[in-house]
Peer 1: 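Here it is, the structure, as structure tokens.
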Amino acid sequence: MIAEVIVDVPAKQTDRPFDYVIPQSLETVIQIGMRVVVPFGPRRIQGFVIGIKPQSTLNKLKKIIEPLDLTPVLSESLISLGNWLSEETLSYRISAYQAMLPAALKAKYQKKLQVSTESKHLLPQTLQDLFTNQDSILWEEAKETGYLSLLQQEVTKGHILIIYEVKDKIKKKKRLAIRSALSTEELKAYQSSLTPRAQKQHDVIKYFIANNDWIFLTDLTATLQISNAVVKELVKKEVLEESEREIYRDPYENRYFARTEPLLLTNEQQEAIDPIHDRIAKSLHEVFLLYGVTGSGKTEVYLQSIQKVLERGQEAICLVPEISLTPQMVHRFKGRFGNQVAVMHSGLSAGEKYDEWRKVQRGEVKVVVGARSAVFAPFENLGLIIIDEEHETSYKQEENPKYHAKDVAIKRGKQGSFPVILGSATPSLESFARAKKGVYTLLSLPKRMNNQDLPQVDIVDMREELRSGNRSMFSSSLLEKLQLRLEKKEQTVLFLNKRGYSSFVMCRDCGYVVNCPNCDISLTYHRHQQQMKCHYCGYEDHVPSVCPECQSDHIRYFGTGTQKVEEELHKVLPEARVIRMDVDTTSKKGSHERLLNEFQKGHADILLGTQMIAKGLDFPNITLVGVLSADTMLHLPDFRSSEKTFQLLTQVSGRAGRHQLPGEVVIQTYSPEHYSIELAAEQNYDQFYEREMMIRKGLKYPPFYFITLITVSHEQLMKALDVTEKITTFLTSRLTKSAICLGPVASPIPRINNRYRYQCLIKYKREPELNQSLKKILDQYQQEVTSTSLKISVDVNPFILM
DNA sequence: AGCACGCCGACT
DNA sequence: GTCGGCGTGCTC
């Protein structure tokens, strides 16, 4: 039989199946969806079997070397989903398949030089020394010895072989398990033959007479209070046998989740859930937009919908944005569905991710809660996909394949004929517009659960503060309220919006800003290392003490980091206990949850943080939320900046007063009259939607138009510009009249790592030929892409326009 | 992506 | 006359 294999070479020319003979011995083993090792040119590489057929049109085929899996890692439906994904995102099929699997399944390649014992003595002395203790050395190491040409001579003589190894990236975690090697009768006989002094052995035998199953060595020694030696001795005597047993790493091991029962739904929740339950029962595909204000009980709707799916013997996926940020969410799912839940998020190690994935693959769990890539969970009988906080940008992957989890979810929903729920308090304009058009079904939860009032929001004009002589980062109003909370022993959350607002070094005399020499952006100041770093290429430099332009020593850093805010806080409120949450304090595993726990227990008065504290916090004692700089991302070159600002502010404000105590919110801003800030303060989504839609319509942006962004980069500015120009001309000629092709324009970051970047932005309504045209472009420049430094990136529905 | 093959300049 | 530079094209 012949296998069609997609090989692990992400390139245009290899983005198609290659035929291989399945050797007789593997005919019953090799299945569609398995990873295999195949010879490819002189190398050995990994590939995916995507088809099996009796014959090939070619006649001199190579053989599959070996399978890498015992069971397929991709089902046929996931393979076709992968093909769709590569088609939609214009990426390679191999990249699409790999994006659907845990990283642990990506192959690791090693090139080695190997010498056989017979030919070892034939080598020149210098080379023999290299192989004294080993039969092979890594190619990389060989390069460093400087004997590479000498070694290559031996390769041609046939004394040394070049071998290519394909390995899995991680090892399976194993533990030693023990069981009896004898029958119960034999054990009893052995027991009676023991001397009375061998008490411990006696205990072990007694245990195995009662239990003849496998037990982990560690568990056995712990329960019987014995040492390993006792067991090892019995293994040696062949009374017991041992075996390496594969185990799962459970990130939530030893954690207790209080069991919860379905809550009684409010009338509104019931009305929202009815149509969902109906489509689940009828196995109908439909997309629901669940639009519910913060605290309206969306999660309970999710949980009870999943319940329904499980009762029908189907499985469900719930996507949440970066789940490690919301341990509370995990608690709710584990509490309701116990060990039927697998959790997948970026906080897990590669091994843990792999283990969670395998629980799904083996059918040991029925529910997955996870970040973006969990949308590919290998369930075979899916009944529901939920996307919580559907407006979140983290659902879009910025690397190839540049997919949006929402599109994948809907595709799977259509294929499997089941509903998809998109939930948000601040839906993306795209989704809300679709709901209004009837493409999605709108379900609303307009009221908070306990009818709590929305918090009182104050907008503080920081320009006024400055005029009245307050140069600190806290307005007098915020400071006053902070003091009041300290007295009343209530908690405050301070939110610093850092995105698009990094600390940079500027000369106060001449305005010189320290820039990266390779990229056209300013270097970011890193306080703890006293260094300047470029976030795009990694360039590092010292902080200058005098201005390189005008020699003035009035050069200092600008921008507000959480550390600086913390210092200021200590100055003005020395008695306040502050917990700071940012990338520095949460980089260690589990530290995120630990800090939140401390805050919840009341070990601090103020929680100070960035983006990451905007979601999921639901603590009864928080009565004040302060937003230190509401408008920093309003001025980014992004047509979604108003939308993002509105969503973020609404989100943050929702943190206050979720329980008995009423909440207050202070928003500090330099543009208090901006509609996204004013309307976020009122929590007025509907009016924001209307305003923003008007603007989008005028500017021909989504949801009125689709957009696709092409970015061309090259070491030479002229080349990048020239190619972009040609692409723009080509596209303009092939698109319909209603499409707009903007370009070539310099990218908002015109140079990264010494590569100049130009873009072409396409806005269109309906362009069925677009994908075809884009493929043509990629084909056209394929040669230049491989031979010169030209790079062309295509992003269909981009979220970042840089 | 790698790697071999192949055609030109700088050395023993 | 050979070593090694990297342009070109292929990998079942």
Side-chain angles (χ1 to χ4, degrees), chain A residues 1-24 26-27 30 32-68 79 86 90-99 103 105-114 138-143 145-158 160-167 169 399-401 713-716 719 778-793:
Chain A
M1 294 294 267
I2 307 297
E4 294 181 291
V5 176
I6 298 287
V7 292
D8 183 13
V9 181
K12 192 90 210 165
Q13 295 138 299
T14 51
D15 189 30
R16 62 187 173 85
F18 284 79
D19 287 357
Y20 286 90
V21 171
I22 303 175
Q24 204 99 69
L26 294 176
E27 287 231 316
I30 303 289
I32 290 175
M34 274 186 181
R35 297 176 304 146
V36 288
V37 178
V38 291
F40 198 66
R43 300 180 287 161
R44 288 176 166 203
I45 55 170
Q46 188 197 59
F48 288 86
V49 177
I50 55 132
I52 292 177
K53 56 189 182 183
Q55 268 161 25
S56 171
T57 47
L58 287 98
N59 41 22
K60 42 180 184 6
L61 297 185
K62 290 186 182 173
K63 281 190 215 151
I64 286 181
I65 292 167
E66 59 177 2
L68 280 167
I79 291 174
S86 74
L90 296 140
S91 56
Y92 307 122
R93 284 167 79 174
I94 189 70
S95 316
Y97 297 155
Q98 278 167 349
L105 293 180
K106 210 176 159 191
K108 209 177 96 185
Y109 299 107
Q110 271 185 349
K111 188 179 175 185
K112 283 181 177 175
L113 290 169
Q114 197 181 51
L138 289 177
W139 181 266
E140 304 297 316
E141 288 169 20
K143 258 203 289 203
T145 61
Y147 298 134
L148 208 57
S149 59
L150 222 61
L151 284 162
Q152 264 167 334
Q153 281 171 28
E154 296 302 316
V155 171
T156 37
K157 283 187 210 158
I160 293 178
L161 288 174
I162 298 177
I163 55 165
Y164 299 87
E165 272 183 12
V166 183
K167 278 192 196 159
K169 249 200 177 125
E399 302 88 54
N400 273 328
S713 70
H714 196 276
E715 289 161 359
Q716 286 157 23
K719 184 71 194 172
L778 293 177
D779 279 342
Q780 176 84 39
Y781 289 98
Q782 175 203 324
Q783 221 151 22
E784 286 192 65
V785 166
T786 40
S787 58
T788 74
S789 79
L790 184 71
K791 278 192 187 129
I792 301 174
S793 129

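Treat the numbers as computed from the prediction; the structure is a model and nothing was measured. Sequence lines set the chain letters: A, B, ... in the order given, protein chains first and strands last, and positions in each chain run from 1.
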Peer 1: Applying side-chain contact (heavy atoms from CB on, under 4.5 Å) to A/Val37 and A/Leu68, what does each step give before you reach the verdict?
Peer 2: CA-CA 7 Å; A/Val37 178; A/Leu68 280 167; 3.8 Å; yes

Peer 1: Looking for any heavy atom pair under 4.0 Å, which part of the strands does A/Tyr92 touch: base, sugar-phosphate only, or nothing?
Peer 2: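 The residue A/Tyr92 makes no contact with any strand.
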
Peer 1: Check the interface with nucleotides 2-11 of chain C: list each N/O to N/O pair with the protein under 3.5 Å, or write none.
Peer 2:
{"residue": "C/dT11", "atom": "O3'", "partner": "A/Gly41", "partner atom": "N", "Å": "3.0"}

Peer 1: Select from A/Val785 and A/Gln152 the residue whose nearest nucleotide in DNA chain B is closer to the 5' end of that strand.
Peer 2: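 Comparing both residues, the 5'-ward one is A/Val785.
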
Peer 1: Touch check for A/Lys111, heavy atoms < 4.0 angstrom, all strands: base, sugar-phosphate only, or nothing?
Peer 2: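 The residue A/Lys111 makes sugar-phosphate contact but no base contact.
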
Peer 1: Without swapping roles, check the side chain of A/Arg93 against the backbone of A/Ile6 for a donor-acceptor pair under 3.5 Å.
Peer 2: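 Between the backbone of A/Ile6 and the side chain of A/Arg93 there is no qualifying donor-acceptor contact (under 3.5 Å).
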
Peer 1: A side-chain contact here means heavy atoms from C-beta on lying under 4.5 Å apart; do A/Tyr92 and A/Asn400 qualify?
Peer 2: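 A/Tyr92 vs A/Asn400: side chains apart.
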
Peer 1: Side chain to side chain contact (heavy atoms under 4.5 Å, CB included) with A/Glu715: which residues, sequence neighbours excluded?
Peer 2: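 Scan of A/Glu715 (side chain to side chain contact (heavy atoms under 4.5 Å, CB included), adjacent residues dropped) gives A/Ser789.
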
Peer 1: Please list, in 5' to 3' order, the outermost nucleotides of DNA chain B lying under 4.0 Å from any heavy atom of chain A.
Peer 2: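 First-to-last contact on DNA chain B, by the 4.0 Å heavy-atom rule, is B/dA1 to B/dC3.
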
Peer 1: Identify which one of A/Ile45, A/Ile65, A/Val166, A/Asp8 satisfies the side chain to side chain contact (heavy atoms under 4.5 Å, CB included) criterion when paired with A/Val38.
Peer 2: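 Only one option passes, and that is A/Ile45.
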
Peer 1: Can A/Arg44 be said to sit on top of A/Phe40's aromatic six-ring, NZ or CZ under 6.0 Å from centre and within 45° of the ring axis?
Peer 2: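 No, A/Arg44 does not sit over the ring of A/Phe40.
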
Peer 1: Ignoring hydrogens and angles, tell me if any N or O in the side chain of A/Glu27 forms a donor-acceptor pair with the backbone of A/Met1 under 3.5 Å.
Peer 2: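 At least one qualifying donor-acceptor pair exists.
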
Peer 1: Could you give the CG-to-C1' distance, from A/Asp8 to C/dC12, as a whole number of Å?
Peer 2: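 It works out to 16 Å between those atoms.
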
Peer 1: Is there side-chain contact between A/Tyr97 and A/Ile50, with heavy atoms separated by less than 4.5 Å?
Peer 2: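 Yes, close enough: below the 4.5 Å cut-off.
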
